[in-house]
Amino acid sequence: MKIAVCIKRVPVMEVKFAIGKDGASVDETGLKYDVNDFDLWAVEAALQLNEKNAPGEVTVISLGTDAAQEQIRKALSMGADKGVLLKADRLPGDAFAVAEALAAELKDGGYDVIFFGKKSIDADNSATGAMVGELLGLPVVTGVSKLEIAGGKGTAHRAVEGGIEVLEFPLPAIVTVDEGLNKERLPSLKGIMAAKKKPLESRPAQLGTAGVTVQKMELPPERAAGRIVGEGAAAVPELVRLLQSEAKVL
């Protein structure tokens, strides 16, 4: 079974962000980067599927600058077999332009399953995986929280309002992974060492024309300082009054 996983290099969110000088991008000074969380779960799903259907191959694909090689190597250290970097000076803000570049890379790969994370934690648009599926003419199942694949077809569970939706689909297909499907494995020392020798190809990304661009970014207003209304049970009536009259949440 041939499996591909598309991953994205994203900033670690436990830092304070600043707007760049152009007013339309994030100031990257001092930021740290990692693999998008949802993409890590997608890598784990691919590895588990490959282990059940060995021998097979897991290819990790990312689009971005040379810096994204670090995130590809992390996926290789988890157990993926090879990586591909689609080089671009800067990621476009248009998910369709990104989808076109990924589809151009994936279309002749002969993959049985192509995994994406449900969304990236920076752009948060949940669009790229579905767009690639449309461009490749493949069935797409999004937001999968449970997955079984056997006999040339898949069965996926999706969390919907008040319940679980169960879907069946033929292969090849695209699956976007939601939280809860699994927990990513930690790279072992052996895996980290092995990743250094695994193939990582690099070629220019065939980006589509961006129809959407970011015009402006603004930080949210600073939150007002907290207020102590009292201590112990005696403070409850005043707290309730403020929640009703000022916060209007009760």
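Just so it is clear, the structure is predicted and the values come from calculations on it, not from any experiment.
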Are the side chains of [X] and [Y] in touch, meaning some heavy atoms are under 4.5 Å apart?
{"X": "V84", "Y": "L200", "result": "no"}
{"X": "D39", "Y": "V10", "result": "no"}
{"X": "V26", "Y": "M217", "result": "yes"}
{"X": "V5", "Y": "T59", "result": "no"}
{"X": "E44", "Y": "M78", "result": "yes"}
{"X": "L49", "Y": "I3", "result": "yes"}
{"X": "L85", "Y": "D66", "result": "yes"}

Under the 4.5 Å side-chain heavy-atom rule for ILVMFWY, direct or indirect, which residues accompany I192?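 When side chains under 4.5 Å apart are linked, I192 ends up in no cluster with other residues.
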Filter on ring-ring contact (aromatic ring centres under 6.0 Å, His included), then keep only pairs touching residues 17-45, sequence neighbours left out; what's left?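 Listed once each, the pairs are F38-W41.
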Residue pairs, two or more places apart or on separate chains, that pass ring-ring contact (aromatic ring centres under 6.0 Å, His included) and touch residues 229-250: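 Qualifying pairs, neighbours excluded: none.
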State, to 0.1 Å, how close [X] and [Y] come at their nearest heavy-atom pair, and which atoms those are.
{"X": "I72", "Y": "G83", "value": "CG2-CA, 3.8 Å"}
{"X": "L76", "Y": "P199", "value": "CD1-O, 4.3 Å"}
{"X": "G133", "Y": "V140", "value": "CA-CG2, 3.5 Å"}
{"X": "I149", "Y": "G154", "value": "CG1-CA, 4.0 Å"}
{"X": "A45", "Y": "L181", "value": "CB-CD2, 3.7 Å"}
{"X": "A80", "Y": "L47", "value": "N-CD2, 3.5 Å"}

Going hydrophobic residue to hydrophobic residue with side-chain gaps under 4.5 angstrom, can you get from [X] over to [Y]?
{"X": "V43", "Y": "L186", "value": "no"}
{"X": "V175", "Y": "L171", "value": "yes"}
{"X": "L147", "Y": "M1", "value": "yes"}

What side-chain donor-acceptor pairs closer than 3.5 Å can you find for residues 99-115, not counting sequence neighbours?
from	atom 1	to	atom 2	distance (Å)
E105	OE1	R203	NE	3.0
E105	OE1	R203	NH2	3.4
E105	OE2	R203	NH2	2.7
D112	OD2	K2	N	2.7

Acceptor/donor pairs from residues 121-131 side chains to any protein atom, 3.5 angstrom cut, sequence neighbours excluded:
from	atom 1	to	atom 2	distance (Å)
D122	OD1	K8	NZ	3.0
D122	OD1	S120	OG	2.9
D122	OD2	K8	NZ	3.4
D124	OD1	K119	NZ	3.0
N125	OD1	A127	N	3.2

For [X] and [Y], indicate whether the former's side chain and the latter's backbone hold a donor-acceptor pair under 3.5 Å.
{"X": "T176", "Y": "G143", "result": "yes"}
{"X": "D178", "Y": "S145", "result": "no"}
{"X": "R73", "Y": "K198", "result": "yes"}

Listing request: all side chain to side chain donor-acceptor pair (under 3.5 Å) pairs with a residue in residues 207-216, at least two apart in sequence or in separate chains.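 Qualifying pairs: T213-Q215, K216-E218.
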I would like to know whether I7 and V60 meet side chain to side chain contact (heavy atoms under 4.5 Å, CB included); could you show each step before the answer? CA-CA 7 Å; I7 67 172; V60 177; 3.4 Å; yes
For S188, enumerate each residue passing the side chain to side chain contact (heavy atoms under 4.5 Å, CB included) test, keeping only those at least two apart in sequence or located in another chain.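 Here the qualifying residues are K190.
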Please name all residues satisfying side chain to side chain contact (heavy atoms under 4.5 Å, CB included) with A67, sequence neighbours left out, ordered by chain then number.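 Only R9, T65 meet the side chain to side chain contact (heavy atoms under 4.5 Å, CB included) criterion with A67.
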First locate atom [atom1] of [X], then atom [atom2] of [Y], and finally report the distance between them rounded to the nearest 0.5 Å.
{"X": "L31", "Y": "M13", "atom1": "CG", "atom2": "CE", "answer": "9.5 Å"}
{"X": "K183", "Y": "L40", "atom1": "NZ", "atom2": "CG", "answer": "9.0 Å"}
{"X": "Q48", "Y": "N53", "atom1": "CD", "atom2": "CG", "answer": "12.0 Å"}
{"X": "I61", "Y": "K82", "atom1": "CD1", "atom2": "NZ", "answer": "9.0 Å"}
{"X": "K87", "Y": "L63", "atom1": "NZ", "atom2": "CG", "answer": "12.0 Å"}

Inspect the contact between K153 and E168 and indicate whether a charged nitrogen and a carboxylate oxygen are less than 4.0 angstrom apart.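 Salt bridge present between E168 and K153.
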Looking at D34 and K74, is there a salt bridge between them, counting it only when a charged N and a carboxylate O are closer than 4.0 Å?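 D34 and K74: salt-bridged.
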Side-chain donor/acceptor pairs under 3.5 Å, residues 239-250, sequence neighbours excluded:
from	atom 1	to	atom 2	distance (Å)
R241	NE	E238	OE1	3.0
R241	NH2	E238	OE2	2.8
S245	OG	R241	O	2.7
E246	OE1	R227	NH2	2.8
K248	NZ	S245	O	3.2

Does E51 have any side chain to side chain donor-acceptor pair (under 3.5 Å) partners at least two apart in sequence or in another chain, and if so, which?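 Counting only residues at least two positions away or on another chain, E51 forms a side chain to side chain donor-acceptor pair (under 3.5 Å) with R185.
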Heavy-atom count around Q206 CD within 6.0 Å, excluding the residue itself: above 12?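 No, the 6.0 Å shell around CD holds no more than 12 heavy atoms from other groups.
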Report all side-chain donor-acceptor pairs from residues 158-167 shorter than 3.5 Å, counting only partners two or more places apart or in another chain.
from	atom 1	to	atom 2	distance (Å)
R158	NE	T142	O	2.5
R158	NH1	E165	OE1	2.7
R158	NH2	T142	OG1	3.3

Name every donor-acceptor pair, under 3.5 Å, that has one atom in a side chain of residues 89-96 and the other anywhere in the protein, sequence neighbours excluded.
from	atom 1	to	atom 2	distance (Å)
R90	NH2	S25	OG	3.4
D94	OD1	F96	N	2.8
D94	OD2	G211	N	2.5
D94	OD2	V212	N	3.0

